[in-house]
Every structure is written in structure tokens, then in C-alpha cells.
*Asks:* 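Take this structure first; my questions come after.
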Amino acid sequence: MTQPTAELVSIVHDKVPNRIRFRVPLIRYRQTYAEILKQSILKDSAAKGIYHAEPNITTGTLLVKFHPAIHSETQVVELVRSTVANLSTGSIEITAKHKNPRIGKMRPGAFFTRELVVSIVGNVVAGLILAFVATR
């Protein structure tokens with residue numbers, strides 16, 4: 001039995017003009033569903049005015065930015081709700097290319113983030129400079 005669409009999607013934040021953050025429990029810890037949802041919203045012919053969709057699988061949210069001249073907030077909400085409903089009922093086909101077994105087994109945050117790599121590289125460079133200055 002599938003959930004009603006209202007329970008599949010709720011608005012978390014819509015106070016900033018031209019952007020809405022949705023809570024979508026369907027994508028929580030599901031990278032494949034999150035990517036399919038993002039691609040479906042951005043590639044949808046009705047979504048030409050939507051220029052950014054960013055899923056967060058850790059929190060189960062989706063940030064959507066849109067052009068107000070092309071879409072109203074109500075249209076964006078309905079587009080996201082219908083896309084999530086189609087995804088939850090299986091109307092959007094999940095092909096083999098969408099599935100990545102490595103991502104499915106990894107927990108979010110279990111891999112190196114860009115910030116961590118930058119921090120490590122920065123510390124190594126600073127250490128090398130300090131060692132060079134200390135030996136002079």
C-alpha cells in the first residue's frame with residue numbers, strides 16, 4: 001500500500017524567494033532515488049524554469065530553485081509531489097545504470113568529503129613550509 005502524496009512530500013522551508021526545501025522521506029539514505037528524483041525534476045519538460053535541484057540523502061530533503069517568471073511556487077510544489085508519487089509507485093523506471101551497488105552499501109559520510117581532503121592537504125602543506133622555515 002502506498003502513502004498518500006501529502007505524506008510523501010512536505011514543505012520544510014519556503015521563506016526565501018524562488019527556492020523551496022521539501023522533506024522527502026523516500027530519498028533518505030537512498031542515493032539512487034535521490035538522483036532519479038533530481039534528474040526527473042530537472043529534465044521534465046514542464047520544469048524548464050527549475051534550474052537547481054539538490055537532494056540531501058542524510059536529511060531526506062530536496063532543495064529546488066526556480067525562476068518566478070516561468071513557475072509559481074504552487075506549480076513547483078505540484079511538480080515535485082507528482083514526481084515523488086510517480087517514483088514511489090514505480091511509474092519512473094529504475095534501470096540498471098541508475099543502480100550503483102557501492103553507493104547503496106555506503107552510509108552517507110563514510111567517504112572522504114571535499115572539506116576533509118582540503119583540510120588534510122592544507123595541513124601537509126603548512127607542515128612542509130614550517131619544516132622548511134625551521135631548517136633555515
*Asks:* Can you check side-chain contact (heavy atoms from CB on, under 4.5 Å) on Lys65 and Ile50, steps first, answer last?
*Replies:* CA-CA 6 Å; Lys65 296 179 183 178; Ile50 295 176; over 6 Å; no
*Asks:* Answer yes if Val133 and Val125 sit in the same cluster of Ile, Leu, Val, Met, Phe, Trp and Tyr residues linked by side chain heavy atoms under 4.5 Å apart, and no otherwise.
*Replies:* yes
*Asks:* Rounded to the nearest 0.5 Å, what separation is found between the CD1 atom of Ile27 and the CG atom of Asn56?
*Replies:* 7.5 Å
*Asks:* Is any side-chain heavy atom of Leu62 less than 4.5 Å from a side-chain heavy atom of Leu37?
*Replies:* yes
*Asks:* Kindly determine whether Phe66 and Arg19 satisfy side-chain contact (heavy atoms from CB on, under 4.5 Å), including the steps that lead there.
*Replies:* CA-CA 6 Å; Phe66 61 96; Arg19 59 180 266 178; 5.6 Å; no
*Asks:* Between OG1 of Thr61 and CZ of Arg23, what distance do you get to the nearest 0.5 Å?
*Replies:* 6.5 Å
*Asks:* Could you walk me through whether Phe22 and Val64 satisfy the side-chain contact (heavy atoms from CB on, under 4.5 Å) test, starting with their C-alpha distance in whole Å, then the side-chain angles of each, then the deciding distance to 0.1 Å, before giving a yes or no?
*Replies:* CA-CA 8 Å; Phe22 297 94; Val64 176; 3.9 Å; yes
*Asks:* Which of these passes side-chain contact (heavy atoms from CB on, under 4.5 Å) with Thr83: Leu79, Val80, Asn86?
*Replies:* Leu79
*Asks:* Restricting to non-hydrogen atoms, name the atom on Ile41 and the atom on Ala53 that form the minimum distance, rounded to 0.1 Å.
*Replies:* CG2-CB, 4.5 Å
*Asks:* Check whether Val12 and Val76 end up in the same hydrophobic cluster, where Ile, Leu, Val, Met, Phe, Trp and Tyr are linked by side-chain heavy atoms less than 4.5 Å apart.
*Replies:* no
*Asks:* What heavy-atom pair brings Lys38 and Pro55 nearest, and what distance separates the two atoms?
*Replies:* CD-CD, 3.8 Å
*Asks:* Ignoring hydrogens and geometry, is there a side-chain-to-backbone donor-acceptor pair from Glu78 to Gln75 under 3.5 Å?
*Replies:* no
*Asks:* With hydrophobic residues grouped by side-chain heavy-atom distances under 4.5 Å, do Tyr29 and Leu63 end up in a single group?
*Replies:* no
*Asks:* Which atom pair, heavy atoms only, marks the closest approach of Thr58 to Arg28?
*Replies:* O-CZ, 3.5 Å
*Asks:* How close do Val84 and Leu8 get, counting heavy atoms only, and between which atoms?
*Replies:* CG1-CB, 3.8 Å
*Asks:* If you take all heavy atoms of Arg30 and Ile57, which pair is closest and at what distance?
*Replies:* O-CG2, 3.9 Å
*Asks:* Glu73 vs Asp14, test: side-chain contact (heavy atoms from CB on, under 4.5 Å). Steps then yes/no.
*Replies:* CA-CA 9 Å; Glu73 186 174 313; Asp14 62 352; 2.8 Å; yes
*Asks:* How many angstroms lie between atom OG of Ser10 and atom CZ of Arg21, to the nearest 0.5 angstrom?
*Replies:* 12.5 Å
*Asks:* Atom CG in Leu26, atom CD1 in Ile36: separation rounded to 0.5 Å?
*Replies:* 9.5 Å
